[in-house]
Amino acid sequence: MLGSPYNHTVENPATFFLVGIPGLQSSHLWMAFSLTVMYIITLLGNTLLVTVICMDSTLHEPMYCFLCILAAVDIVMASSVVPKMLKIFCSGNGSISFNACFTQMYFVHSATAIETGLLLAMAFDRYVAICKPLHYKRILTPKVVLIMNMTIVLEGIMVMTPLSWMLSHLPFCGSSVVPHSYCEHMAVAKLACADPMPSNLYSLISTSIIVGPDVTFIAASYILILRAVFNLSSKNAQKKALTTCGSHVGVMVLFFLPGMSSLYVAWLGQDTVPLHTQVLLADLYLVIPPTLNPIIYGIRTKEIRKKIWNLPMVFYQVS
């Protein structure tokens with residue numbers, strides 16, 4: 001039934017052309033400045049986290065292992081789109097080869113799926129640490145943490161591989177202009193000459209299956225954490241825990257809300273929501289969380305700050 005749309009002899013375009021943010025081309029330069037600042041923070045902050053956690057054996061604990069992988073995924077996710085977006089915003093050159101477009105799409109969607117799983121793992125880690133502190137080391141053993149990380153990464157890769165394959169095997173014989181700032185799945189699918197419904201439906205269902213339960217369990221974890229926090233006798237401890245949980249939840253909202261909104265808007269509200277709003281929503285969840293994650297999860301953590309200050313001494317001893 002699905003064979004005919006994917007078996008084609010039409011010669012696909014050698015190049016796609018990314019528009020950027022349709023309707024906001026006059027604002028591209030100041031957007032490029034903001035994007036550059038955020039990308040520098042993303043690279044420096046996440047690279048610093050990976051370096052500190054990998055080099056310091058005292059940080060080889062479940063929470064920091066999850067944080068290290070999250071930082072690496074953030075670098076991949078941001079680097080998949082930001083350099084090309086800056087090129088579009090600064091010079092207007094939005095050309096991208098056919099293969100590069102689908103490679104970018106694959107890395108972007110795989111990284112977002114992996115990040116979703118990591119955020120769930122980190123929420124579970126905090127739940128066990130706060131609500132089951134006496135059982136923490138028994139529950140989150142090195143073997144369990146390794147299995148969790150491998151499962152999260154493999155899930156992201158395996159779920160997104162069929163999506164990229166389905167879309168890349170559609171015939172593209174019409175316009176090659178993508179009204180987006182990166183090769184977003186829905187935007188590229190609309191250019192296909194065959195019916196993209198199978199890949200679009202797969203995208204919607206797979207994303208809902210991954211994100212829906214993850215968000216539910218993350219919310220449940222933080223509700224249980226907050227309930228435990230309110231039972232603390234110390235007001236200072238309550239305030240500290242609430243501040244930490246609040247910042248974590250804020251980053252997650254900035255990741256999940258724009259991402260899911262852009263997906264469902266593309267399906268249900270594409271005729272009512274302005275195109276530039278749809279593109280901005282899709283851009284936000286790829287740029288803002290990688291910028292904030294090293295600050296919220298890393299630099300604000302006392303142990304991480306201490307290790308960062310000691311990092312020059314570590315390099316000096318190694319040399």
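Please read all numbers here as calculations on a predicted model, not as lab measurements.
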- Message: Is there a side chain to side chain donor-acceptor pair (under 3.5 Å) between Asp56 and Thr58? Walk through the geometry before answering.
- Response: CA-CA 5 Å; Asp56 197 312; Thr58 62; 2.4 Å; yes
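- The shortest distance between side-chain heavy atoms of Met166 and Tyr202 falls below 4.5 Å.
- The closest side-chain heavy-atom distance from Ile139 to Val144 is not below 4.5 Å.
- Between Phe89 and His28, the two ring planes are tilted [angle within 30° to 60°].
- At distances below 3.5 Å, not a single donor-acceptor pair connects side-chain atoms of Ser164 with backbone N or O atoms of Thr161.
- Residues Tyr285 and Thr112 are in side-chain contact: their nearest non-hydrogen atoms beyond the backbone lie under 4.5 Å apart.
- Residues Leu275 and Pro179 have side chains in contact (heavy-atom distance under 4.5 Å, counting atoms from C-beta outward).
- Among the candidates Ile205, Val215, Leu120, Thr116, the single residue satisfying the side-chain contact (heavy atoms from CB on, under 4.5 Å) test with Ile210 is Thr116.
- Taking the six-membered ring for Trp and the full ring otherwise, Phe102 and Tyr106 have centroids separated by 6.0 Å or more.
- Taking 4.5 Å as the limit, every side-chain heavy atom of Glu184 sits out of range of all side-chain heavy atoms of Met105.
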- Message: Before you tell me yes or no, could you show the steps for Ile21 and Met31 under side chain to side chain contact (heavy atoms under 4.5 Å, CB included), namely the whole-Å CA-CA distance, both residues' side-chain angles and the distance that decides it to 0.1 Å?
- Response: CA-CA 10 Å; Ile21 303 179; Met31 288 181 180; 3.4 Å; yes
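- Across Leu67, Leu140, Ile130, a single residue satisfies side-chain contact (heavy atoms from CB on, under 4.5 Å) together with Asp125, and that is Leu140.
- Thr15 and Ser95 form no side-chain donor-acceptor contact under 3.5 Å, judged by distance and modelled atom types alone.
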- Determine, stepwise, if the pair Thr42 / Val287 fulfils side chain to side chain contact (heavy atoms under 4.5 Å, CB included). CA-CA 9 Å; Thr42 297; Val287 177; over 6 Å; no
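- A side-chain donor-acceptor contact under 3.5 Å links Asp283 and Ser181.
- Asn149 contributes a side-chain N or O that, together with a main-chain N or O of Val145, makes up a donor-acceptor pair within less than 3.5 Å.
- In this structure a side-chain-to-backbone donor-acceptor pair under 3.5 Å is missing from Ser203 to Ser199.
- For residues 51-77, the set of pairs meeting the ring pair (Phe, Tyr, Trp, His ring centres under 6.0 Å) definition, not counting sequence neighbours, is empty.
- A donor-acceptor pair under 3.5 Å is formed between the side chain of Asn46 and the backbone N or O of Pro290.
- Residues Lys137 and Thr141 are not in side-chain contact: their nearest non-hydrogen atoms beyond the backbone lie 4.5 Å or more apart.
- Grouped with Val76 in one hydrophobic cluster are Phe107, the linkage being side-chain heavy-atom contacts under 4.5 Å among Ile, Leu, Val, Met, Phe, Trp and Tyr residues.
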- Evaluate the criterion side chain to side chain contact (heavy atoms under 4.5 Å, CB included) for residue pair Met186 and His180; output intermediate values, then yes/no. CA-CA 10 Å; Met186 293 288 191; His180 215 289; over 6 Å; no
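- You'll find the side chain of His185 reaches within 4.5 Å of the side chain of Asn200, heavy atoms only.
- Separation of the Phe124 and Phe217 ring centroids does not fall under the 6.0 Å cut-off.
- Without hydrogens or angle criteria, Tyr127 side chain to Ile218 main chain gives no donor-acceptor distance under 3.5 Å.
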- Audit row: Leu70, Met122, side chain to side chain contact (heavy atoms under 4.5 Å, CB included) steps and yes/no: CA-CA 10 Å; Leu70 179 69; Met122 293 172 71; 3.7 Å; yes
